[in-house]
Amino acid sequence: MKIAVIGTGYVGLVTGTCFAETGNDVTCVDIDLNKVNMLNNGEITIYEPGLEKLFIRNLKEERLHFTTDLTAGVKDAAIILLALPTPPGEDGSADMKYILGVAGDLGKILTNYKVIINKSTVPVGTADKVRAAIAENYKGGFDVVSNPEFLREGVAIDDFMKPDRVVIGTTSEKAKKVMGDLYAPFVRQGNPVIYMDERSAELTKYAANSFLATKISFMNEVARLCELLGADVDMVRRGIGSDERIGKRFLFPGIGYGGSCFPKDVQALVKSSSEVNYDFKILNSVIEVNEKQRLHLIPGIKKYFSNNLKGKRFALWGLAFKPNTDDIREAPALYMIEALTKEGATVCAFDPEGIENVKNQIGNIIDYSENQYDALKNADALIIATEWNEFRTPDFSKIAANLKNKVIFDGRNLFDLSAIRELGFHYESVGRAIIN
Ligand SMILES: NC(=O)c1ccc[n+]([C@@H]2O[C@H](COP(=O)([O-])OP(=O)(O)OC[C@H]3O[C@@H](n4cnc5c(N)ncnc54)[C@H](O)[C@@H]3O)[C@@H](O)[C@H]2O)c1
């Protein structure tokens, strides 16, 4: 099948590459000329484990193409996927200008039947709006399908190639057939393709992300309570997670959720609810808890340094919002950097993949280190913001040798309390006892 993917960011590039991998001829369109040039030259634009190999293979085999020319990109395509940004507008609602802008452009370009698939996360009713925007200028036949994407950055290739489920929102029999053929290679193990109407599909994505965010905020509140009551959140987590109805995943407390999806999607669902006069009370609390949680370590840090961070230097391990990605959108580390530097502290950060993006966003407000141990030099304490694997079993003697004080503030609960006690560190984590 000939496929066009409009928007070549995290979702677009993974989607385009994976559809090429199953033999389709894919053209990815983006307005960012620099990005398109890089991709055409075989340079990958995001860090995503496993993506580069597939990208290079499909580029070489000429199943994957990149262009800034929308008209040329969609000309021969039977399927057009939209993987465009839906960032939060000022009032928290999803900004639809990218999707509706491209839909309007498509209306001026289309000359024959095509299936237009929306992969972006969008409010209920968007399929109708896309349809109307196209129909303003194009009177021929076409279908608009809502097909939300559930991939997780860091494991996106696996998620795309072997999805838990594929959600397809359409009432058109013709589009259903096209979608079934498109996804058949990805669900050979029998994972479900769930057909529904467009509105239900659009809401499914928001409900999924909001539920996961709720789980995180719930555990962060349990962690706070553990600190006040002298319980250990790790034990509580294990105790409840073995109940199948609760499940083991997404129960880890920390310094809040971030990334390009959860914060904006929870906000957008609250806004969509308020537009139909529904006050989604739980989600308002989820947002409030998360905003506080991002700075959960700060009061402990201030207390340890007698409420004066002026001139103090912190090593910061982790910038990406989660491990195995270079995505720093809404990363808790950025909120910590802001809070620490506002108090007059300096920061030296290390992240295996996220440094370039942080440099582009905040420049030299902080120092950067090429190596996790060099970041510790002359620092008064180590702060951990992202649970990268290489931080899990570090060389504690190197940490002790490089830091001015044996002090660690851990926002991801990476270390065992008794081991840390034996090593003689001052250690503060989330929802567990402080080790002195
Ligand atoms: N990132 C994720 O993990 C993830 C997962 C599931 C769903 N989503 C959703 O998918 C959508 C895309 O997210 P993303 O993270 O890939 O965004 P992104 O910002 O990484 O990529 C969007 C791309 O679209 C391009 N673009 C903007 N306007 C364009 C236009 N008019 N024509 C062509 N290209 C244009 C941008 O240059 C950019 O390359 C969002 O709605 C997001 O919520 C994201």
Side-chain angles (χ1 to χ4, degrees), residues 4-18 27-39 44-49 51 66-74 80-89 93-109 116-123 126 130 133 146-160 163-167 201-202 204-210 212-213 257-269 320-322 324-331 357 360-361:
V5 178
I6 320 298
T8 314
Y10 281 86
V11 171
L13 188 56
V14 170
T15 302
T17 304
C18 291
T27 301
C28 296
V29 181
D30 205 286
I31 42 166
D32 185 337
L33 177 62
N34 185 37
K35 193 178 269 192
V36 166
N37 285 341
M38 281 177 73
L39 292 164
I44 196 99
T45 44
I46 55 170
Y47 172 75
E48 181 60 45
L51 177 61
F66 299 93
T67 179
T68 53
D69 185 341
L70 182 67
T71 310
V74 304
I80 302 172
L81 288 132
L82 308 182
L84 291 157
T86 48
S93 62
D95 186 345
M96 295 307 296
K97 70 169 181 258
Y98 301 93
I99 304 261
L100 296 180
V102 168
D105 293 343
L106 287 176
K108 295 175 196 147
I109 294 171
I116 292 126
I117 303 171
N118 182 35
K119 279 229 144 286
S120 298
T121 304
V122 291
T126 297
V130 168
S146 169
N147 169 217
E149 181 49 60
F150 296 98
L151 66 78
R152 294 161 297 166
E153 287 175 19
V155 282
I157 301 299
D158 250 18
D159 281 351
F160 200 93
D164 288 342
R165 78 316 206 174
V166 177
V167 169
E202 287 162 345
T204 297
K205 174 67 190 180
Y206 277 122
N209 274 0
S210 297
L212 293 169
Y257 58 79
S260 67
C261 292
F262 287 3
K264 85 169 169 52
D265 293 350
V266 177
Q267 236 180 34
L269 189 53
F321 85 93
K322 66 173 185 179
N324 299 322
T325 181
D326 60 354
D327 199 339
I328 55 145
R329 292 177 281 188
E330 290 291 315
N357 284 339
N360 289 338
Q361 190 164 315

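Bear in mind the structure is a predicted one, so any value in this text is a computation, not a measurement. For ligands, and for the atoms within them, numbers begin at 1 and follow the listed sequence.
- Among the atoms of K35, some N or O lies under 3.5 angstrom from an N or O of ligand 1.
- In this structure, V74 and I6 have side chains that are in contact, with non-hydrogen atoms separated by less than 4.5 Å.
- Test R165, K119, K205 against E149 for salt bridge (Lys or Arg N to Asp or Glu O under 4.0 Å) and you get one pass: K119.
- A donor-acceptor pair is defined here as one N or O able to donate and one able to accept, closer than 3.5 Å; no such pair exists between the side chain of S93 and the backbone of A268.
- The protein heavy atom nearest to atom 31 (N) of ligand 1 is V102 CG2, 3.5 Å.
- Taking every non-hydrogen atom of S260 and a distance limit under 4.0 Å, the qualifying atoms of ligand 1 come out as 1 (N).
- Residue-level proximity to ligand 1 for S120 is carried by backbone and side chain together, each with a heavy atom below 4.0 angstrom.
- Using a distance-only test at 3.5 Å, with no hydrogens or angles considered, a donor-acceptor pair links the side chain of N147 to the main chain of V167.
- If you take CG on L39 and CG on N34, they are separated by 9.5 Å, rounding to the nearest 0.5 Å.
- Between the side chain of S120 and the backbone N or O of V122, no donor-acceptor pair lies under 3.5 Å.
- For atom 5 (C) of ligand 1, the closest non-hydrogen atom of the protein is L151 O, 3.6 Å.
- The protein atom (non-hydrogen) at minimum distance from atom 21 (O) of ligand 1 is G9 CA, 3.1 Å.
- Protein heavy atom nearest atom 12 (C) of ligand 1, with residue, atom name and distance: L84 O, 3.4 Å.
- Separation of atoms CG (N357) and OH (Y47) is listed at 13.5 Å; rounding is to 0.5 Å.
- When the heavy-atom distances from atom 28 (N) of ligand 1 to I31, I46, T45 are ranked, the shortest goes to I31.
- Scanning the protein heavy atoms around atom 20 (O) of ligand 1, the nearest turns out to be Y10 N, 3.2 Å.
- With respect to atom 9 (C) of ligand 1, the closest heavy atom belonging to the protein is T121 OG1, 3.5 Å.
- The option from E153, R152, R329 that lies nearest to atom 15 (O) of ligand 1, judged by heavy atoms, is R329.
- For the pair Y98 and ligand 1, the shortest N or O to N or O distance does not fall below 3.5 Å.
- Among V5, V14, T68, D30, the residue whose heavy atom lies closest to atom 38 (C) of ligand 1 is D30.
- In terms of polar-atom proximity, defined here as any N/O pair under 3.5 Å, E149 makes no such contact with ligand 1.
- Contacts of A156 with ligand 1, taken as heavy-atom pairs under 4.0 Å, are absent altogether.
- A distance-only check finds no donor-acceptor pair linking the side chain of E48 to the backbone of T325 [under 3.5 Å].
- Counting only non-hydrogen atoms, the option in T86, D32, I6 that gets closest to atom 40 (C) of ligand 1 is T86.
- Remark: the backbone N or O of T121 is paired with a side-chain donor or acceptor of T86 at under 3.5 angstrom.
- Considering backbone and side-chain atoms together, K264 places an N or O closer than 3.5 Å to an N or O of ligand 1.
- Side-chain N or O atoms of S210 include none that pairs as donor or acceptor with a backbone N or O of A207 at under 3.5 Å.
- At distances below 3.5 Å, not a single donor-acceptor pair connects side-chain atoms of Q267 with backbone N or O atoms of P88.
- For atom 44 (C) of ligand 1, the nearest non-hydrogen atom from the set T8, I99, V11 belongs to V11.
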